[in-house]
Amino acid sequence: MAPFSRRHVLGLGGGALGVLVLGPARAADENGAEVHGISAFGDLKYPAGFENFDYVNVAAPKGGVFSTIPSTRSYNQSYHTFNSLNAYILKGEGAQGMDLTFSALMVRAGDEPDAMYGLVAKSVRISPDKLIYHFTLRPEAKFHDGSRITAHDVAWSINTLKAKGHPLIQVQMRDVKGAEALDDATVIVTFAEKRARDVPLYVAGLPIFSKKYYETRPFDESTLDTPLGSGPYKVGKFEVNRYIEYERVKDWWGANLPVCRGYYNYDVVRYEFYRDRDVAFEGFTGKNYLFREEFTARIWATRYDFPAIKDGRVKREQVPDERPSGAQGWFINTRRDKFRDPRVREALINAFDFEWTNKTIMYDAYARTHSPFQNSDMMAKGPPSPDELKLLEPFRGQVPDEVFGQPYAPPVSDGSGQDRNMLRKAQQLLNEAGFVIKDGKRMTPSGEVFRIEFLYDEPSLNPHHAPYIKNLGTLGIEASPRLVDAVQYRARVEDFDFDMTITRFSMSSTPGDAMRAFFSSHAAKTKGSYNLAGIESPAIDALIEKIIAADTRAELTIACHAFDRVFRAGRYWVPQWYNKTHRLAYWDVFDRPKNLPRYQIDASGSGERVIWWYDAAKAGKLEQAKQ
């Protein structure tokens with residue numbers, strides 16, 4: 001789930017945004033140092049003039065097809081369908097892979113936590129106060145129609161995304177004051193004081209749109225018209241709800257840049273869409289697509305025994321995941337009165353028997369998730385350090401006392417499926433919260449039957465819900481599953497129209513402004529935000545700002561520890577599980593670099609899509625073997 005992904009109208013007129021006048025602040029920009037790359041804390045692995053990233057194969061052949069199913073999503077995208085080629089707004093179901101069709105000012109290195117180097121921008125000058133970024137563009141950067149990418153296009157794109165982009169984009173651009181083109185080759189981006197540390201990185205990675213193209217088209221409309229792009233691929237053949245292909249631009253302007261050598265090796269990148277995960281697996285066994293990351297332990301353990309596996313035509317492997325694994329669980333919608341009491345939410349946690357579920361349904365393939373920073377040094381452990389206490393003390397009395405002790409961890413069951421001690425504790429918590437049993441049913445304090453609907457869109461999740469719902473029933477709670485199609489699911493989640501729903505997200509290795517979209521009080525009220533639980537906590541808001549303002553990685557880690565303690569004390573979710581490896585399966589037609597970059601390994605990091613390549617010799621042998 002990364003993928004990436006971990007994020008004010010200036011004046012509208014004629015479908016385009018007006019220019020923001022920067023005034024005297026421009027002078028400060030001239031004093032800054034010009035650099036070839038940026039990172040959260042200024043550290044860069046690659047020097048100016050580097051030839052390529054260390055992990056790529058610059059001699060990788062071009063050609064062939066890479067096909068897969070969606071494994072990550074962002075903004076308005078769905079895993080199961082698409083009906084729009086606009087993937088950066090709220091309306092519609094955006095097509096997976098549209099990011100391949102656009103260029104950005106800068107791109108990330110796969111072997112550094114957050115460093116970015118120039119793509120459309122050949123350099124950037126940063127003012128001493130780090131509030132003004134002065135980007136100089138490459139003259140060779142072009143759109144697919146041959147027209148030059150100018151600073152006017154860049155400024156228009158930034159200002160338009162801030163005003164009309166998906167709500168998650170708008171949240172992450174809150175600290176962007178605006179962008180101005182000084183001439184065709186120079187664009188200035190101005191940030192607010194005390195801006196989030198990673199906002200410049202986010203802006204540098206945004207897609208650049210053609211201002212001229214949108215002079216006659218509304219930006220914020222769902223559409224199947226192919227937008228004018230400038231990336232390494234163009235939209236090719238597609239059929240709504242079924243598949244979409246992207247064709248490599250053979251004379252792409254950026255192909256020989258240091259940040260692109262060894263990248264974008266396939267002639268075609270194709271996404272297949274399936275409504276059902278089991279049907280999608282059958283599609284893989286039939287070679288309807290070539291690459292699959294397996295997320296279901298049951299399938300990995302029992303169904304990878306088809307003939308192509310046995311004779312070696314399909315390879316499978318597990319690759320260690322050294323990145324933060326993030327949070328997966330049933331998120332509880334605290335906007336609803338019945339979930340406002342944290343004792344109720346803790347009772348819901350106690351009713352879930354992870355140990356039984358892992359053993360019985362998931363072949364002991366997973367570890368329990370405790371924290372949104374799971375599998376990283378940003379996760380809180382043990383009692384707070386003195387530095388953490390300095391951040392937490394102002395909130396003593398406003399947050400649970402446990403925040404100042406060991407961080408909360410979900411209970412460990414006896415593995416029976418109905419741990420009596422856990423269920424007894426859950427019953428006690430419900431009673432204390434005023435949720436009592438009457439005529440065999442659990443009642444809310446207002447006298448209504450306590451009902452919970454679990455909203456989800458994956459039939460494969462049925463086995464995970466069933467035992468949990470059974471345990472809730474023993475507590476007198478009327479719980480029921482609600483399986484809906486992908487479009488209805490996204491609409492309801494964006495409107496926060498659910499009791500509990502499963503989601504998974506992961507923080508970057510350098511958390512920053514994206515924290516607001518997941519946890520802030522502002523995001524709790526923003527339609528389409530990732531704050532599904534509706535968290536509104538002054539302490540959490542303040543600690544997010546501490547994370548954003550950290551000047552060093554040590555300060556960042558301390559602030560994350562403090563945040564983690566407060567978040568976990570809130571009981572906003574029923575934590576589920578995570579996998580310490582990526583389970584990869586693919587038809588043996590690919591090859592890859594010897595040393596995979598830590599931050600670009602799997603489909604969520606887009607590694608296979610952009611730095612692997614099609615091996616024609618292997619593909620030929622595969623065809624001979626089939627005959």
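Residue numbers count from 1 along this sequence.
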Asker: Checking side-chain polar atoms at under 3.5 Å, does Thr444 have a donor or acceptor matched by the opposite partner on Ser446?
Answerer: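 There is such a pair (donor and acceptor under 3.5 Å, judged by atom type) between the side chains of Thr444 and Ser446.
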Asker: Quiz question: by atom type and distance under 3.5 Å, do the side chains of Glu402 and Gln406 form a donor-acceptor pair?
Answerer: no
Asker: Do the side chain of Asn579 and the main chain of Phe295 share a donor and acceptor less than 3.5 angstrom apart?
Answerer: no
Asker: Taking the ring centre of each residue, are Tyr578 and Tyr366 less than 6.0 Å apart?
Answerer: no
Asker: Taking the basic N atoms (NZ, or NE/NH1/NH2) and the acidic carboxylate oxygens, is any pair closer than 4.0 Å for Arg396 and Asp401?
Answerer: no
Asker: First locate atom CG of Leu423, then atom CG of Asn421, and finally report the distance between them rounded to the nearest 0.5 Å.
Answerer: 9.0 Å
Asker: For Phe518 and Phe505, I'd like to know if the aromatic rings sit close, meaning centre-to-centre distance below 6.0 Å.
Answerer: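 Yes, close enough.
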Asker: Checking the side chain of His561 only, and the main-chain atoms of Asp377 only, is there a donor and an acceptor separated by less than 3.5 Å?
Answerer: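 Such a contact is found between His561 side chain and Asp377 backbone.
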Asker: Can we say Arg490 and Asp495 salt-bridge, meaning some charged N sits less than 4.0 Å from an Asp/Glu carboxylate O?
Answerer: no
Asker: So, the side chain of Asn83 versus the backbone of Glu93: is there a donor-acceptor pair under 3.5 Å, distance only?
Answerer: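 Pair found, side chain donor or acceptor close to backbone of Glu93.
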Asker: What is the minimum heavy-atom distance between Met507 and Pro324, and which atoms define it?
Answerer: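 Nearest heavy atoms, Met507 then Pro324: O-CB, 3.8 Å.
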Asker: Indicate the atoms forming the closest heavy-atom contact of Leu201 with Ala40, along with that distance.
Answerer: CD1-N, 3.9 Å
Asker: Rounded at 0.5 Å granularity, tell me how far CZ in Arg424 sits from CG in Leu429.
Answerer: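 Here the interatomic distance stands at 13.0 Å.
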Asker: Taking all heavy atoms of Cys560 and all of Pro511, pick out the closest pair and write down the distance.
Answerer: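 Shortest heavy-atom separation between Cys560 and Pro511 comes out as SG-CG, 4.1 Å.
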Asker: Any idea which heavy atoms bring Ala327 and Thr369 closest together, and the distance?
Answerer: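 Ala327 and Thr369 have their closest heavy atoms at CA-CG2, 4.4 Å.
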Asker: Quick one: do Asp341 and Arg343 make a salt bridge, cutoff under 4.0 Å?
Answerer: yes
Asker: Test side chain to side chain donor-acceptor pair (under 3.5 Å) on Tyr271 and Arg609 and set out the steps.
Answerer: CA-CA 11 Å; Tyr271 287 91; Arg609 188 183 67 162; 3.0 Å; yes
Asker: Around Arg336, counting heavy atoms of other residues, nucleotides and ligands shown, do more than 12 lie under 6.0 Å from its CZ?
Answerer: yes
Asker: Tell me yes or no: between the side chains of Thr581 and Gln318, is some donor less than 3.5 Å from an acceptor?
Answerer: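 Their side chains do contain a donor-acceptor pair, which is all the 3.5 Å distance test asks for.
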Asker: Under 4.0 Å between a side-chain nitrogen and a carboxylate oxygen: does that hold for Glu346 and Arg571?
Answerer: yes
Asker: I need the Glu478 CD to Leu472 CG distance, nearest 0.5 Å.
Answerer: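 Glu478 atom CD to Leu472 atom CG measures 11.5 Å (nearest 0.5 Å).
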Asker: Between Glu458 and Arg277 (salt bridge meaning N to carboxylate O under 4.0 Å), is one present in this structure?
Answerer: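 Salt bridge: yes.
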Asker: Side-chain contact, heavy-atom cut-off 4.5 Å: Ile535 with Thr334?
Answerer: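 Side chain of Ile535 against side chain of Thr334, heavy atoms only: no contact under 4.5 Å found.
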Asker: Before accepting this row, confirm whether a basic side-chain N of the pair Arg340/Asp337 lies closer than 4.0 Å to the acidic partner's carboxylate O.
Answerer: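 A salt bridge links Arg340 with Asp337.
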Asker: For a side chain to side chain contact (heavy atoms under 4.5 Å, CB included) check, start with the C-alpha distance between Met443 and Ile437, then their side-chain angles and the critical distance, and finish with the verdict.
Answerer: CA-CA 6 Å; Met443 311 297 290; Ile437 293 289; over 6 Å; no
Asker: Below 30° counts as parallel, above 60° as perpendicular, anything between as tilted: where do the rings of Tyr274 and Tyr289 land?
Answerer: tilted
Asker: Specify whether Phe306 and Phe281 have parallel, tilted or perpendicular ring planes, treating 30° as the upper limit for parallel and 60° as the lower limit for perpendicular.
Answerer: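 If you compare the ring of Phe306 with that of Phe281, the planes turn out perpendicular.
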Asker: Taking the six-membered ring for Trp, are Tyr468 and Trp330 ring centroids under 6.0 Å apart?
Answerer: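 Yes.
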Asker: Applying salt bridge (Lys or Arg N to Asp or Glu O under 4.0 Å) to Asp114 and Arg553, what does each step give before you reach the verdict?
Answerer: CA-CA 12 Å; Asp114 53 40; Arg553 289 199 182 274; 3.1 Å; yes
Asker: Is the Lys NZ or Arg CZ of Arg298 less than 6.0 Å from the centre of Tyr363's six-membered ring, within 45° of the axis?
Answerer: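 No - Arg298 does not lie over the ring of Tyr363 by the 6.0 Å and 45° rule.
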Asker: Is a salt bridge present between Glu293 and Arg583, judged by a nitrogen-to-oxygen distance below 4.0 Å?
Answerer: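 No salt bridge links Glu293 with Arg583.
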Asker: Check step by step if side chain to side chain contact (heavy atoms under 4.5 Å, CB included) holds for Ser480 and Phe454.
Answerer: CA-CA 6 Å; Ser480 60; Phe454 289 88; over 6 Å; no
Asker: For this output row, return yes or no: ring centroids of Phe273 and Tyr79 closer than 6.0 angstrom.
Answerer: no
Asker: Can you give me the closest heavy-atom contact between Ala347 and Leu430, atom names plus distance?
Answerer: CB-CG, 3.7 Å
Asker: For the pair Asp175 and Arg516, evaluate salt bridge (Lys or Arg N to Asp or Glu O under 4.0 Å) and give the outcome as yes or no after the intermediate values.
Answerer: CA-CA 12 Å; Asp175 290 344; Arg516 290 172 174 157; 3.1 Å; yes
Asker: Kindly determine whether Glu608 and Arg592 satisfy salt bridge (Lys or Arg N to Asp or Glu O under 4.0 Å), including the steps that lead there.
Answerer: CA-CA 8 Å; Glu608 293 82 10; Arg592 67 184 188 196; over 6 Å; no
Asker: Going by atom types only, do Asp387 and Ser385 share a side-chain donor-acceptor pair under 3.5 Å?
Answerer: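 Their side chains do not contain a donor-acceptor pair, so the 3.5 Å distance test is not met.
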Asker: Between Arg303 and Glu282, is there a salt bridge with N-O shorter than 4.0 Å?
Answerer: yes
Asker: Between Arg568 and Asp564, is the closest basic N to carboxylate O distance under 4.0 Å?
Answerer: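 Between Arg568 and Asp564 there is a salt bridge, with a charged N closer than 4.0 Å to a carboxylate O.
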Asker: Could you go step by step and tell me if Glu453 and Lys338 meet the salt bridge (Lys or Arg N to Asp or Glu O under 4.0 Å) rule?
Answerer: CA-CA 12 Å; Glu453 180 185 85; Lys338 59 188 173 185; over 6 Å; no
Asker: What about Tyr456 and Tyr489, are their ring centers closer than 6.0 Å?
Answerer: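 Between Tyr489 and Tyr456, which both carry aromatic rings, the centre distance is not below 6.0 Å.
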Asker: Looking only at side-chain N and O atoms, does Arg335 offer a donor or acceptor that is under 3.5 Å from a partner on Asn531?
Answerer: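 Side chains of Asn531 and Arg335: no pair found under 3.5 Å.
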Asker: Hey, mind stepping through Leu584 and Lys315 against side chain to side chain contact (heavy atoms under 4.5 Å, CB included) and telling me if it holds?
Answerer: CA-CA 8 Å; Leu584 308 181; Lys315 303 294 183 183; over 6 Å; no
Asker: Donor-acceptor check, side chain of Gln77 to backbone of Ser74, threshold 3.5 angstrom: yes or no?
Answerer: yes
Asker: Within 45° of the ring axis of Phe498 and under 6.0 Å from its six-membered ring centre, is that where the NZ or CZ of Arg492 lies?
Answerer: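 No, Arg492 and Phe498 do not form such a contact.
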Asker: Examine the side chains of Asp541 and Ser520 and answer whether a donor and an acceptor come within less than 3.5 Å of each other.
Answerer: no
Asker: Can a side-chain donor-acceptor contact be found between Glu355 and Ser413 if the only test is distance below 3.5 angstrom?
Answerer: yes
Asker: For Asp513 and Ile548, run side chain to side chain contact (heavy atoms under 4.5 Å, CB included): C-alpha distance rounded to whole Å, both residues' side-chain angles, the deciding distance at 0.1 Å, then the answer.
Answerer: CA-CA 6 Å; Asp513 189 59; Ile548 289 171; 4.1 Å; yes
Asker: Before accepting this row, confirm whether a basic side-chain N of the pair Glu294/Arg292 lies closer than 4.0 Å to the acidic partner's carboxylate O.
Answerer: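 Salt bridge: yes.
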Asker: According to the interplanar angle, ranging from 0 to 90°, do the rings of Tyr75 and Tyr88 count as parallel (below 30°), tilted (30 to 60°) or perpendicular (above 60°)?
Answerer: tilted
Asker: Is the number of heavy atoms from other residues, nucleotides or ligands under 6.0 Å of Lys441 NZ greater than 12?
Answerer: no
Asker: What closest approach, in Å, do Thr285 and Trp587 show between heavy atoms, and which atom pair accounts for it?
Answerer: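 Closest approach of Thr285 to Trp587: O-CZ2, 3.5 Å.
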Asker: State the CD1-CD distance between Ile477 and Gln427, to the nearest 0.5 angstrom.
Answerer: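 So the gap between those two atoms works out to 10.0 Å.
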Asker: Does Asp305 pair with Lys310 as a salt bridge, N-O distance under 4.0 Å?
Answerer: no
Asker: Can the positive tip of Arg316 be found less than 6.0 Å from the middle of the six-membered ring of Trp300, inside 45° of the ring normal?
Answerer: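 Positive - Arg316 is close enough to the ring of Trp300 and near enough to its axis.
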